[in-house]
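First up is the structure itself, then whatever we jot down about it.
Side chains included, hydrogens not; waters and symmetry mates left out as well; all remaining heavy atoms used. All residue numbers refer to positions in the sequence shown, counting from 1.
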Amino acid sequence: MAKTLALTLILFVLYASTAAIAMARNLGEESSDDTEFVKVSCETTTYPELCFQSLSSYASEIKKRPRQLAETALAVSLARAKSAKTYVSDMTDYKGITERQHEAVSDCIEEMGDTVDMLRSSLKELKHLEEGESGEDFWLCMGNVRTWTSAALTDETTCLDGFGGKAMDGELKSLVREHILRVAQDTSNALALINVFASRH
């Protein structure tokens, strides 16, 4: 009786181990496929390496869904835009700032505020759409998402333009440019992935 029980227990452990290994292998393959989907999708963007760097950690949540990929890209861009706005706002107290620089910083704060609003609206609108959905309502929402995301990109570019010219050269310009340029690149990538999602309908 004891031998039979022991044999049964051994067989059960072997079965459980085999099942666990198979499950782990499947999860690993799934994870690899999800990451590959993000990588391939990012190749359609203007900044593919930055795109993959920003989104690959969300691959398991995206799960090869184009809408979820676009939504995640927008969320990343929005978070970075908020951070950049806060950073630029702190530059109003930058030591040695000139009147012209202060004006450029103030304008940039306003532009980044608009960027945050546009990206937030785009993200909210995109959440209303479903994979595989189409029709008049879909294209109306998609038009809004594209328009608002494009407007956000324009605001970011306008901010950078405010620091144009040699008179604005210096550390302040470099610091602001570094932060805003990253937001613009993320927004550009998000817009590209939005267009990929739209092209499948």
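- In this structure, Thr44 and Ala192 approach most closely via the heavy-atom pair O-CB, 4.2 Å.
- Atom CE of Met118 sits about 11.0 Å away from atom OG1 of Thr154, to the nearest 0.5 Å.
- For residues 48-106, every residue pair satisfying the ring pair (Phe, Tyr, Trp, His ring centres under 6.0 Å) rule, not counting sequence neighbours, is listed here: Tyr87-His179.
- Counting non-hydrogen atoms of neighbouring residues, nucleotides and ligands closer than 6.0 angstrom, the CZ atom of Arg146 exceeds 12 such neighbours.
- Here NZ of Lys124 is found 7.5 Å from OG of Ser121. Values are rounded to the nearest 0.5 Å.
- Taking each heavy atom of Cys108 and Phe163 in turn, the nearest pair found is CB-CE1, 4.2 Å.
- Residue pairs meeting the side chain to side chain donor-acceptor pair (under 3.5 Å) criterion with at least one member in residues 155-166, sequence neighbours excluded: Glu156-Thr187.
- Between the side chain of Ser199 and the main chain of Val196, a donor-acceptor pair closer than 3.5 Å is present.
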Requested in this report: Dump the intermediate steps for side chain to side chain contact (heavy atoms under 4.5 Å, CB included) on Lys63 and Gln68, then the final yes or no.
Outcome: CA-CA 8 Å; Lys63 291 190 180 300; Gln68 189 63 38; over 6 Å; no

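- Cluster membership check: Leu181 does not share its hydrophobic cluster with Leu153, using side-chain heavy-atom separations under 4.5 Å among Ile, Leu, Val, Met, Phe, Trp and Tyr.
- Residues Val38 and Ser41 form no side-chain contact, since every pair of their non-hydrogen atoms from C-beta on lies 4.5 Å or further apart.
- Counting only heavy atoms from C-beta outward, the side chains of Asn189 and Ser54 never approach each other to under 4.5 Å.
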Query raised in the report: Checking side chain to side chain contact (heavy atoms under 4.5 Å, CB included) for the pair Ile97/Met91: CA distance, chi angles, key distance, verdict?
Result: CA-CA 8 Å; Ile97 189 171; Met91 290 294 102; 5.7 Å; no

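- In this structure, Met112 and Val183 have side chains that are in contact, with non-hydrogen atoms separated by less than 4.5 Å.
- In terms of hydrophobic clustering, with Ile, Leu, Val, Met, Phe, Trp and Tyr side chains grouped at heavy-atom distances under 4.5 Å, Leu193 and Tyr47 are assigned to different clusters.
- Between Asp34 and Ile62 the shortest side-chain heavy-atom distance does not fall below 4.5 Å.
- In this structure, the side chains of Arg120 and Trp148 stay at 4.5 Å or more apart for every pair of heavy atoms.
- Residues in residues 178-199 take part in these salt bridge (charged side-chain N to carboxylate O under 4.0 Å, His left out) pairs, two or more places apart or across chains: Arg80-Asp186, Arg182-Asp186.
- Taking NZ of Lys64 as the start and CG of Leu69 as the end, the distance is 13.0 Å to the nearest 0.5 Å.
- Counting only residues at least two apart or on different chains, no disulfide bond (SG atoms under 2.5 Å apart) pair has a member in residues 160-195.
- Note on Leu55 and Val40: separate hydrophobic clusters, where clusters join Ile, Leu, Val, Met, Phe, Trp and Tyr whose side-chain heavy atoms are under 4.5 Å apart, directly or indirectly.
- Atoms OG and CG, on Ser188 and Leu50 in that order, are 9.5 Å from each other to the nearest 0.5 Å.
- Under the 4.5 Å side-chain heavy-atom criterion for ILVMFWY residues, a single connected hydrophobic cluster contains both Phe197 and Leu123.
- Under the rule for a side-chain hydrogen bond (donor to acceptor under 3.5 Å, both in side chains), Asp107 has no partner lying at least two apart in sequence or in another chain.
- With sequence neighbours left out, the side-chain hydrogen bond (donor to acceptor under 3.5 Å, both in side chains) criterion links Glu71 to Arg67, Lys127.
- Here Asp117 contributes atom CG and Ser122 contributes atom OG; the two are 10.5 Å apart, rounded to the nearest 0.5 Å.
- In terms of heavy atoms, Arg100 sits closest to Gly164 at NH2-O, 3.8 Å.
- Remark: Thr86 engages Asp90 in a side chain to side chain contact (heavy atoms under 4.5 Å, CB included) (not counting sequence neighbours).
- By the side-chain hydrogen bond (donor to acceptor under 3.5 Å, both in side chains) test, Gln101 pairs with Thr98, sequence neighbours left out.
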Query - Stepwise side chain to side chain contact (heavy atoms under 4.5 Å, CB included) test for Leu172 and Val105 - result: CA-CA 9 Å; Leu172 175 62; Val105 168; 4.3 Å; yes

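- Residue Asn144 comes nearest to Glu125 through the heavy atom pair ND2-OE2, 2.9 Å, listed as atom of the first residue, atom of the second, then distance.
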Query - Stepwise side chain to side chain contact (heavy atoms under 4.5 Å, CB included) check, Gln185 with Thr46 - result: CA-CA 8 Å; Gln185 291 171 337; Thr46 308; over 6 Å; no

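- Nearest heavy atom pair, residue Thr115 against residue Ala81, reads CG2-CB, 3.9 Å.
- Sorted pairs that involve residues 76-107 and meet disulfide bond (SG atoms under 2.5 Å apart), not counting sequence neighbours, are lacking altogether.
- Under the side chain to side chain contact (heavy atoms under 4.5 Å, CB included) criterion, Leu191 pairs with Thr149, Ser150, Asn195, not counting sequence neighbours.
- By the side chain to side chain contact (heavy atoms under 4.5 Å, CB included) test, Ser89 is found to be paired with Lys85, Ile109, residues two or more places apart in sequence or in another chain being considered.
- Taking the side chain to side chain contact (heavy atoms under 4.5 Å, CB included) definition, one finds that Ala190 meets it with Ala73, Leu74, sequence neighbours left out.
- Residues Gly162 and Ala104 come closest through the heavy atom pair O-CB, 3.5 Å.
- Hydrophobic clustering, with ILVMFWY side chains joined whenever heavy atoms are under 4.5 angstrom apart, groups Met142 together with Leu119.
- Residue-environment remark: CD (Glu43) exceeds the threshold of 12 foreign heavy atoms within 6.0 Å.
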